[in-house]
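Computed from a prediction, not measured in an experiment: that's the story for all the values here. Note on naming: letters A, B, ... go to the chains in the order of the sequence lines (proteins, then strands), and numbering restarts at 1 for each one.
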Amino acid sequence: MSKHIIFHIDVNSAYLSWEAAYRLQQGDSLDLRSVPSVVGGDPLTRHGIVLAKSIPAKKYDIKTGETLYSALSKCPDLIIAKPNYLLFRQCSQALGDILKEYSPLIQQFSVDEYFVDFTSLDQLWGDPLKAAYLIKDRVKNELGFTVNIGISTNKLLAKMASEFQKPDKVHTLFSEEIPEKMWPLPIEELFMVGRATSQKLLSRNIKTIGDLAHTDPRILRTTLKSHGILIWNYAHGIENSPVRPGGRVKVKGMGNSTTLPFDVDSRKEAHLVLLSLVETVSARLRHDQYFAQLVAVSFRTHEFLSYSHQRKISHPTDCTNEIWEIACELFDELWKGQPLRHMGVRVSELCHNDFLQLSFFERDYEKDRKIDQTIDVIRERFGSHSIMRSSYLHSGLKAMTGGVIAEEEYPMMTSLL
DNA sequence: TCTGGGGTCCTAGGACCC
DNA sequence: TCTGGGGTCCTAGGACCC
């Protein structure tokens, strides 16, 4: 079996770079990337966290995920831009379009990451390293933002390589380079080692990826179960999942959740929020022609405690009203009256149902189906806010909450890589 | 003006069945 | 006398990713 050549393409500070490139293109003279700046939500509606930061902002020790309040206290002159998700999606797709010219085997891994299988494409494009530079520079010149490209023989090592020095760089991380390039790194920089795992490893004095690689995997197994074996393999560069081209991986579930602009403390209001979440979830369900057999609600209280409650339902459904009724039931069973800052609805156990089975004991949802269909058509034609239930008037709540339907959904994090 | 939103996978414990 | 044991399904919570 011949060795694979895999590229991992990672947009540098994606949201921030995209916004910066857009502003320059609009005639703005300031490049956000050259000053301390972040993309972040609106603190007034309690969405105030850093989504992406410029390299100068990083010098102030500003971190992704921290509050804007805290970021501003570190750097009072910080420039804050609002996220423009439509722009982000367009930039993401434009990058994918360029990559497709080089290989048919590309996989979108997230909004700002792609894997490209370059195996046996060197006859076409020459030396992989040269090709990577070519791609990187083309993206910079044509799209106005920079990427890092990592090159190796599997996805894990390619991804680790793209994390090396930024921005606008190409790095390799082949097996023989692992001790020199990867083992000195702190443990938390290994893919799949998050906060909880790094805490456990540090308490056992495992500080670097090299330390992890040289730990007896049986010890890891006892403390971290199968995850311990996974990261031990990763520390040795062992990983062999294929680059999945094009077509979507089967989606397992879909959900919408939102942090509310104010604490919700009445049942009626909570039910209204649930409806606004169910409206988008069920519309996505219908758009992708799925039915769900499991409904889950979750919330986070004012004290930041999280709860969830789920139930399998007797027959698959995509009906707004039906899912809403179940969500309300679940909510009522779970909620003890705490003030709520965040609420979510998620459906899963999806199936394609070409025919609808109606049990004798279920109520007839045929009328609801017709209404759902009609509303979907109106919203598609005139926008998602063109029609809403009157109960939202003066409620201070949005009638639909959550992401818009993406024209072209990409497969999200599938099993690990 | 403190702390997003979208996912997937794993684990533990209980119910239930044979 | 004592307290099987394996399998599956369901649920809640936690871990990780971007």
Below the 4.0 Å mark, does [N] have OP1 or OP2 next to a side-chain nitrogen or oxygen of [X]?
| X | N | value |
| --- | --- | --- |
| A/His47 | B/dG5 | yes |
| A/Arg195 | C/dC17 | no |
| A/Arg311 | C/dC10 | no |
| A/Thr259 | B/dG5 | yes |

- Task: Whenever both distances are under 3.5 Å in a Watson-Crick or G-U wobble pair, mark it; put DNA chain C into dot-bracket that way, with [ ] for crossing pairs and | when the partner is on another strand.
- Result: ....||||||||||||||
- Item | A/His8: which of A/Lys155, A/His171, A/Glu113 passes side chain to side chain donor-acceptor pair (under 3.5 Å) |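 Answer after filtering A/Lys155, A/His171, A/Glu113: A/Glu113.
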- Item | With sequence neighbours excluded, residues passing salt bridge (charged side-chain N to carboxylate O under 4.0 Å, His left out) with A/Asp42 |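 Once residues adjacent in sequence are excluded, A/Asp42 has no partner under the salt bridge (charged side-chain N to carboxylate O under 4.0 Å, His left out) criterion.
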- SB check A/Glu322 A/Arg369 (cutoff 4.0 Å):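 No, no charged N to carboxylate O under 4.0 Å.
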- Item | A/Lys82 and A/Glu19 ion-paired at < 4.0 Å |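 Salt bridge flag = no for A/Glu19 with A/Lys82.
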- Task: Check every strand shown and say whether A/Glu113 touches a base, only sugar-phosphate, or nothing at a heavy-atom separation below 4.0 Å.
- Result: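 The answer is sugar-phosphate, as A/Glu113 gets under 4.0 Å only of primed atoms, P, OP1 or OP2.
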- Task: Report yes if the side chains of A/Thr401 and A/Asn256 come closer than 4.5 Å at any heavy-atom pair, otherwise no.
- Result: no
- Query: Toward the 5' end of DNA chain B, which comes first, A/Thr67 or A/Gly253, by nearest nucleotide?
  - Reply: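 Between the two, 5'-proximity favours A/Thr67.
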- Query: Want to settle it: does A/Tyr85 or A/Lys252 sit nearer the 5' end of DNA chain B, counting the closest nucleotide to each?
  - Reply: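 Here A/Tyr85 is the residue nearer the 5' end.
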- Could you list the residues that satisfy side-chain contact (heavy atoms from CB on, under 4.5 Å) with A/Leu294, not counting sequence neighbours? A/Gln310, A/Lys312, A/Ser348, A/Glu349
